[in-house]
Number of protein chains: 2
Amino acid sequence: MISTKDRIASDLERSFAALGFAEQGVEALRAEADVSLRTLYKHFPSREAMIVGALEHRDVTYSRWLEGGPEDGAAHVLHPLVRLGDWLAEVANTGCLFLNAWAQYPDSAAIAAVVRDHKARLADEFRQRLARVVPGQDTGHLAETLFLLHEGMTQAARLQGREIAYDAAMQAARAALAAANIH
Amino acid sequence: MISTKDRIASDLERSFAALGFAEQGVEALRAEADVSLRTLYKHFPSREAMIVGALEHRDVTYSRWLEGGPEDGAAHVLHPLVRLGDWLAEVANTGCLFLNAWAQYPDSAAIAAVVRDHKARLADEFRQRLARVVPGQDTGHLAETLFLLHEGMTQAARLQGREIAYDAAMQAARAALAAANIH
DNA sequence: CGACAGGTATAGTGATCGCTCTACTTTTTC
DNA sequence: GAAAAAGTAGAGCGATCACTATACCTGTCG
């Protein structure tokens with residue numbers, strides 16, 4: 001049983017992803033979610049809350065998107081980057097939804113918090129996968145590099161095309177893993 | 001002799017960089033540039049034109065910022081990344097001004113054009129430096145990787161801190177160059 | 001001198017937008 | 001089956017904002 005709030009959050013996420021955060025007012029969001037204005041405001045008491053709700057929803061969907069993959073070796077660590085490549089192939093290429101939101105509302109503490117939270121979780125994903133492949137080894141620096149490549153691929157995809165960005169990121173990632181003797 | 005328009009553009013760049021594109025209206029920009037509203041609109045006939053003017057100004061200042069550096073070897077190629085690190089140490093950490101603008105106005109052709117232009121010039125900077133160090137060699141793919149690291153460092157700096165982002169990007173860049181036998 | 005290019009100062013305008021309020025209906029729950 | 005919870009429809013308010021219009025000043029140059 002999916003709650004009304006979750007359904008609206010999903011629609012908001014889709015809507016913001018498609019048209020950005022500035023180009024549509026609350027009325028347009030209401031129409032996209034196909035609810036009354038009152039109901040929309042009951043679940044998300046301000047426009048800012050709608051943005052936060054959409055970002056939180058994407059945080060969950062993207063985490064699920066990264067799950068799974070090969071269970072050992074470099075491929076286990078690289079899986080999130082491969083999945084990002086898949087993601088970029090599916091959606092319109094508008095960069096990172098979180099960073100776009102943050103760029104637009106740099107003074108909103110609530111938005112900054114959800115962005116930092118999401119990115120911290122993402123960096124942790126790489127740390128955990130590295131810990132599984134080479135347990136006990138200090139891989140903090142390597143995890144940061146993989147995270148940086150994730151961010152770089154996201155931005156480069158809209159500037160130079162998905163394939164180029166994917167190839168460049170994957171090659172750099174493989175080289176970094178190889179230098180740490182992870183194959 | 002610096003023109004009035006250039007002086008205003010410089011103020012606009014500073015203003016947008018400090019406070020973002022959404023948080024200040026035309027009146028705030030006018031105050032920052034210390035001109036009358038009429039003069040501001042004479043040089044930049046719309047708010048969008050003010051944004052474009054600010055971005056064009058930064059395109060020039062950042063190109064100048066990257067100039068020079070060591071004249072041979074890997075250090076010649078890496079110089080723009082080093083300079084980006086210096087840049088990130090000096091300015092407030094708000095990501096890439098161009099991508100922030102684009103995120104906010106995804107439908108503006110004029111803004112999209114100046115963003116693409118700037119990023120193309122940046123990618124070319126890496127290509128030219130590679131061509132100088134290993135003339136005749138096909139380094140297209142390597143240039144894309146360095147460009148991706150540039151974008152990644154910019155974004156990662158606001159998420160994980162400047163030093164971490166700088167170290168991660170430089171390490172990945174050195175590994176990529178070493179793999180191509182550039183030292 | 002006098003024309004004029006380019007500046008200042010600022011009030012006003014029309015449109016948009018976030019949000020609320022009123023009045024009513026449907027669904028759920030005990 | 002009644003009450004309460006949750007939904008719909010949509011008009012309207014107050015504030016903001018991009019942009020314009022009016023009226024005036026000033027330094028330069030033929």
Side-chain angles (χ1 to χ4, degrees), chain A residues 1-16 18-57 100-112 114, chain B residues 1-56 100-112 114:
Chain A
M1 175 68 188
I2 185 169
S3 73
T4 304
K5 180 168 179 174
D6 273 356
R7 193 178 49 74
I8 295 177
S10 168
D11 288 337
L12 291 174
E13 178 198 340
R14 226 174 2 89
S15 210
F16 282 128
L19 293 172
F21 293 96
E23 307 261 327
Q24 55 196 329
V26 172
E27 164 56 27
L29 296 169
R30 183 211 63 77
E32 197 63 29
D34 200 30
V35 290
S36 72
L37 205 53
R38 191 187 175 87
T39 302
L40 180 58
Y41 270 98
K42 174 156 278 173
H43 292 298
F44 304 95
S46 70
R47 190 170 188 276
E48 185 187 33
M50 296 172 204
I51 294 172
V52 170
L55 293 179
E56 283 171 346
H57 193 269
N100 287 352
W102 200 12
Q104 211 133 47
Y105 306 97
D107 292 348
S108 161
I111 290 173
V114 67
Chain B
M1 175 68 188
I2 186 171
S3 74
T4 304
K5 180 167 179 174
D6 273 356
R7 193 178 51 76
I8 296 176
S10 168
D11 289 336
L12 291 174
E13 178 199 341
R14 227 177 359 92
S15 209
F16 282 129
L19 294 171
F21 294 96
E23 307 261 328
Q24 53 195 331
V26 171
E27 165 55 27
L29 296 169
R30 182 211 64 77
E32 197 64 29
D34 199 31
V35 291
S36 74
L37 204 54
R38 191 186 175 88
T39 303
L40 180 58
Y41 270 98
K42 174 155 279 174
H43 292 299
F44 303 94
S46 70
R47 191 169 188 278
E48 185 188 32
M50 297 171 204
I51 295 172
V52 170
L55 292 178
E56 283 171 345
N100 288 353
W102 200 13
Q104 211 133 48
Y105 306 97
D107 291 349
S108 161
I111 290 174
V114 66

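Chain identifiers are assigned alphabetically (A, B, ...) following the order of the sequence lines, protein sequences preceding nucleic acid strands; residue numbering begins at 1 within each chain.
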Novice: Could you tell me whether the phosphate oxygens of C:dG7, OP1 or OP2, come under 4.0 Å of any side-chain nitrogen or oxygen in B:Thr4?
Specialist: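 Looking at the OP1 and OP2 atoms of C:dG7, one of them is under 4.0 Å from a side-chain N or O of B:Thr4.
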
Novice: To 10°, what angle do the rotation axes through the five end pairs on each side of the helix from C:dC1-D:dG30 to C:dC30-D:dG1 form?
Specialist: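 Terminal axis comparison yields 10°.
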
Novice: For residues 33-41 of chain B, which side-chain donor-acceptor pairs fall under 3.5 Å, sequence neighbours excluded?
Specialist:
unit_1: B:Ser36; atom_1: OG; unit_2: B:Thr39; atom_2: N; d: 3.2
unit_1: B:Ser36; atom_1: OG; unit_2: B:Thr39; atom_2: OG1; d: 3.0

Novice: Could you tell me which residues satisfy side chain to side chain contact (heavy atoms under 4.5 Å, CB included) with A:Ser10, sequence neighbours excluded, listed by chain and number?
Specialist: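 Counting only residues at least two positions away or on another chain, A:Ser10 forms a side chain to side chain contact (heavy atoms under 4.5 Å, CB included) with A:His57.
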
Novice: Could you state the atom-to-atom distance from CD of A:Gln24 to C1' of C:dG18 in whole Å?
Specialist: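 For the pair A:Gln24 CD and C:dG18 C1', the rounded distance is 14 Å.
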
Novice: Looking at CE of B:Met50 and CG of B:Leu55, how far apart are the two atoms once the value is rounded to the nearest 0.5 Å?
Specialist: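 Reported to 0.5 Å precision, the distance equals 13.5 Å.
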
Novice: Which of residues 27-55 of chain A have a heavy atom under 4.0 Å from DNA chain C?
Specialist: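 Correct list: A:Leu37, A:Arg38, A:Tyr41, A:Ser46, A:Arg47.
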
Novice: Show the numbers, then the answer: is there a side-chain contact (heavy atoms from CB on, under 4.5 Å) between B:Leu29 and B:Phe16?
Specialist: CA-CA 8 Å; B:Leu29 296 169; B:Phe16 282 129; 3.6 Å; yes

Novice: Output the distance between atom CD1 (A:Ile51) and atom CG (A:Asn100), rounded to the nearest 0.5 Å.
Specialist: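 If I round to the nearest 0.5 Å, the distance is 11.5 Å.
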
Novice: NZ of B:Lys42 to OG1 of B:Thr4: how many Å apart, nearest 0.5 Å?
Specialist: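 Answer for the NZ-OG1 pair, B:Lys42 versus B:Thr4, is 11.0 Å.
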
Novice: Could you check whether any side-chain N or O of B:Glu48 sits under 3.5 Å from a backbone N or O of B:Ser108, counting only pairs where one atom can act as donor and the other as acceptor?
Specialist: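 No; judged by distance alone, with no hydrogens or angles, the pair does not exist.
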
Novice: Does the side chain of B:Phe21 reach to within under 4.5 Å of the side chain of A:Gln104, using non-hydrogen atoms?
Specialist: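 No, too far: nothing below the 4.5 Å cut-off.
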
Novice: Check DNA chain D against residues 6-14 of chain A and give the residues with a non-hydrogen atom under 4.0 Å, in numerical order.
Specialist: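 By residue number: none to list.
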
Novice: How would you list, by chain and number, every residue that makes a salt bridge (charged side-chain N to carboxylate O under 4.0 Å, His left out) with B:Arg30, sequence neighbours excluded?
Specialist: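 Partners of B:Arg30 by the salt bridge (charged side-chain N to carboxylate O under 4.0 Å, His left out) criterion, ordered by chain and then number, come out as B:Glu27.
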
Novice: Let me confirm one number: the CG-CD distance from A:Asp6 to A:Glu56, rounded to the nearest 0.5 Å.
Specialist: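 A:Asp6 atom CG to A:Glu56 atom CD measures 10.5 Å (nearest 0.5 Å).
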
